[in-house]
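Here is the structure we will look at.
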2 protein chains.
Amino acid sequence: MSDRPFTKVIKILREAGLRPTRQRLGLAKLLLDGTNQHITAEELHKAAQDNNILVSLATVYNTLHQFKSAGLLREVIVEPGRAYFDTNLSKHHHFYFEQTGEITDIPDSQINIERLPHIPEGTSINCIDVVVRLSPVIRDD
Amino acid sequence: MSDRPFTKVIKILREAGLRPTRQRLGLAKLLLDGTNQHITAEELHKAAQDNNILVSLATVYNTLHQFKSAGLLREVIVEPGRAYFDTNLSKHHHFYFEQTGEITDIPDSQINIERLPHIPEGTSINCIDVVVRLSPVIRDD
DNA sequence: GTGTTTGCAAAGTGTTTGCAATTTA
DNA sequence: TAAATTGCAAACACTTTGCAAACAC
């Protein structure tokens, strides 16, 4: 919404090695506004249109991957055939509402993995993803 | 490989409410042989061809979903755009080798989730999936 | 015989890519 | 102006679907 802190977003992009083009600036402003979001390319494209940010769907896809490579976003995999991107870079996990497709964060403090498994030789852990899949409670009364 | 215990597979399908057709029997024999497998539709289709089981790719897809609905298989979601099916029905988790796409099991005894998160009201946990993503160790010598 | 299942080909969904035109530095 | 970026449309990978023919019971 604010128009001035453009400089901040420009700085972020520059430091990520990405030229601050009109499209990247617009998408970065939508994504990196400090709120935690779980968004698909289509949703972001729609959000851009709604905010008068002209950008093609192809560029949205490319930009999401560039942001991911630059460490500005993470990918969350909870269902086949659809990629979600997560603006929360801190350690955390996810609830996935199977009914609605909604994703919400589980703070790292609320989950704790004890007893880590023995890691195969020659490999190292990239990350550990925990997805708690939820369904609506069915009440029969 | 064995030809006689067909009766066993027929029984499994019958109890799952699925007619034991030639295609389902063939696929069930490949899948439910007691080993733990993580397989895609394409891979299963190829395996069927290699074993002289005539079945179309569309039927492989349909059969995998029928088996899943019947509780004979589980779906594992580790990468977007590809569905893996898991013949291991006991509680366990997964290693995912990002480099190769390979999936292996983590026995439930080797991982332990403490302190479960607070579940949103009106929902119940369907399942908890843990994916430990691995990369090859990079050695610089 | 009747309802189920199959296979094909077509359609669908989400994503990536080649390339000319445009923009950035 | 040289290199990076964009947008389009086409290609892509994977999956689902409609429907006539084949099959199971």
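In this text, all values refer to a predicted model and were calculated from it rather than measured experimentally. First the proteins, then the strands, lettered A, B, ... as listed; each starts at 1. Every heavy atom of this structure was used, including side-chain atoms; hydrogens, water molecules and symmetry mates were not.
Using modelled atom types, one finds a donor on one side chain and an acceptor on the other under 3.5 Å when comparing A:E98 with B:N126. Of the N and O atoms on the side chains of A:E42 and A:T40, not one donor lies less than 3.5 Å from an acceptor on the other residue. For the residue pair A:E114 / A:N112, a side-chain donor-acceptor distance below 3.5 Å is found, with atom types taken as modelled. A side-chain N or O of B:D105 and one of B:H38 form a donor-acceptor pair less than 3.5 Å apart.
Nucleic acid contact for B:P20: sugar-phosphate only, since backbone atoms but no base atoms lie under 4.0 Å from a heavy atom of the residue.
Side-chain N/O atoms of B:H65 include one lying less than 4.0 angstrom from OP1 or OP2 on D:dT16. Distances shown here put every side-chain N or O of B:Y61 at or beyond 4.0 Å from the OP1 or OP2 atom of D:dT16.
Base pairing of D:dT1: its partner is C:dA25, meeting the Watson-Crick or G-U wobble criterion (both donor-acceptor distances under 3.5 Å). D:dC19 is paired with C:dG7 under the criterion used here, namely a Watson-Crick or G-U wobble arrangement in which both key atom distances are under 3.5 Å.
For the atom pair CG (B:D129) and CD (B:E75), the distance works out to 10.5 Å, reported to the nearest 0.5 Å. Atom-to-atom distance recorded for A:F85:CZ and A:L44:CG is 9.5 Å, nearest 0.5 angstrom.
Less than 4.0 Å separates DNA chain C from no heavy atom of any residue of residues 39-49 of chain B.
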Sequence-aligned protein contact record of nucleotides 4-9 of chain C, with B where the base is within under 4.0 Å of a protein heavy atom and S where only the sugar-phosphate is:
SSSBB-

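Between B:I103 and B:Y84 there is a side-chain heavy-atom pair separated by less than 4.5 Å.
The side-chain contact (heavy atoms from CB on, under 4.5 Å) test applied to B:S90 returns B:N88, B:H92, not counting sequence neighbours.
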